[in-house]
Amino acid sequence: MLTIYSDSHRLQHGRSELIDGTLKPCFETPSRADMVLAAVRQRDLGDVVHPRRHGLEPILRVHDEGYVRFLETAWQRWSEMGRDYDALPKMWQIRRLREAVPEYVEGQLCYYSMDCGTPITAGTWQAATASVDVALTGADRLIGGERAAFALTRPPGHHAARDYCGGYCFFNNAAIAAQALRDHGMHRVAVLDVDYHHGNGTQDIFYHRSDVLFLSIHGDPRTEYPFFLGFADEKGDGEGLGYNFNFPLAAGSCVSTWFFALDCALEQIARFGAEALVVSLGVDTFEGDPISRFQLGTPDFVTLGARLAALKLPTLFCLEGGYAVGPIGDNVVNVLAGFEARS
Ligand code: SP5
Ligand code: ZN
């Protein structure tokens, strides 16, 4: 399988995130992508190519222009105030506060953020746009007739919605790629999110649409991040009613429970008649993940890949979470190798 990768991911290197009440070193680090790339090479998954630049147009098909311009200028405006440390929000536009977009950069940072774990740094814009290019180059390959591609996207994307960042995500790589597939003639696209955390951004983006099916298997938001979305009764709205499926599982759920939910999701994808599949591939479902609570073992990821291959669809994998840095490479490549073995 072809891998698309850019060194620019390194430019996103935040210092800290707010977790359990304290500022801790970011879990989402450059070493994650380095480890995945090393495993891709070591296990001979296939060629590794650089992304092609796609510009802002495909991003603006999915994201709000004000939000995009904010990300483009945020670091410069923040650093012009003499600040040389990461930009993190400290307040949110919660209920009954003014809804207008603030003018001041710090107000905008608060307005356009979902959490205090997604630092904007000097290189965020470059890294986030390169990550989108990685996903879009993968989509190009599918459009060109390839069976599958692996977009080694970092920073990840599935928590980023139309007009906010969060959960280490700035642009929703998988959603932008799915939209690109739609714009290039694929009529029905399914996005399956297997990251431990609900893909709130992707759900938000496609919630009113029937041409992109969204499905997510994740830790139950009653106890797990992102808390405010990802419940089973969220089924889509308007035209999109019946095209959104959430499979929240209790934290600590066992492997067979997880695979049962996967089978339910795959059945829906087959029923939908998808012409292509985008997989939001987080491996924070791993038993050793430091911030998550499912129990998949490294060999289980081979099974996941094999089950995905059984759909017989053109498939684009976009990397999302996974914070057990040592095993992340094997876990990710196991999915891709399991897929290839059954293709
Ligand atoms: C892409 C992705 O996987 N983003 C995840 C963002 C999660 N951020 C908040 C995690 C909170 C975890 N709390 C448990 C801490 C264990 N001490
Ligand atoms: Zn995650």
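Heads up: numbering here begins at 1 and tracks the sequence. Whatever order the structure lists them in is the order used to number ligands and atoms, beginning at 1. The figures here come from the full heavy-atom set of this structure, side chains too, leaving out hydrogens, waters and symmetry mates.
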Handout entry: Validation row, ring centre H50 to ring centre Y5 under 6.0 Å
Key = no

Problem - Whether N200 side chain and H159 backbone form a donor-acceptor pair below 3.5 Å - result: yes

Handout entry: V335/F317 under side chain to side chain contact (heavy atoms under 4.5 Å, CB included): CA gap, chis, key distance, verdict
Key = CA-CA 10 Å; V335 177; F317 294 90; 3.9 Å; yes

Exercise for the section: Answer yes or no as to whether an N/O/S atom of H159 is found below 2.8 Å from the Zn ion (ligand 2). Expected result: no

Handout entry: H63 versus D163, side-chain donor and acceptor atoms under 3.5 Å
Key = no

Practice task
Determine whether the side chains of Y207 and E234 contain a donor N or O and an acceptor N or O closer than 3.5 Å.
Solution key: no

Completion exercise
The atom of D284 among N, O or S that is nearest the Zn ion (ligand 2) is OD2

Handout entry: Angle subtended at the Zn ion (ligand 2) by H197 ND1 and D195 OD1, rounded to 10 degrees
Key = 100°

Using a 3.5 Å cut-off and no angle test, enumerate the donor-acceptor pairs between side-chain atoms of residues 336-343 and protein atoms at least two apart in sequence or in another chain.
residue: E340; atom: OE1; partner: M1; partner atom: N; Å: 2.6
residue: S343; atom: OG; partner: R147; partner atom: NH1; Å: 3.1
residue: S343; atom: OG; partner: F339; partner atom: O; Å: 2.8

Completion exercise
Output for pair (E28 CD, H13 NE2), nearest 0.5 Å, gives 9.5 Å

Handout entry: Aromatic ring proximity Y225/H198, centre distance under 6.0 Å
Key = no

Report all N/O contacts between ligand 1 and the protein shorter than 3.5 Å as a table of atom names and distances to 0.1 Å; if there are none, say 'none'.
residue: ligand 1; atom: 3 (O); partner: H197; partner atom: ND1; Å: 3.2
residue: ligand 1; atom: 3 (O); partner: D284; partner atom: OD2; Å: 3.1
residue: ligand 1; atom: 3 (O); partner: Y323; partner atom: OH; Å: 2.6
residue: ligand 1; atom: 4 (N); partner: H159; partner atom: NE2; Å: 3.3
residue: ligand 1; atom: 4 (N); partner: G167; partner atom: O; Å: 3.0
residue: ligand 1; atom: 4 (N); partner: Y323; partner atom: OH; Å: 3.3
residue: ligand 1; atom: 17 (N); partner: D20; partner atom: OD2; Å: 2.7

Exercise for the section: Would you check if the Zn ion (ligand 2) lies under 2.8 Å from any N, O or S atom of E320? Expected result: no

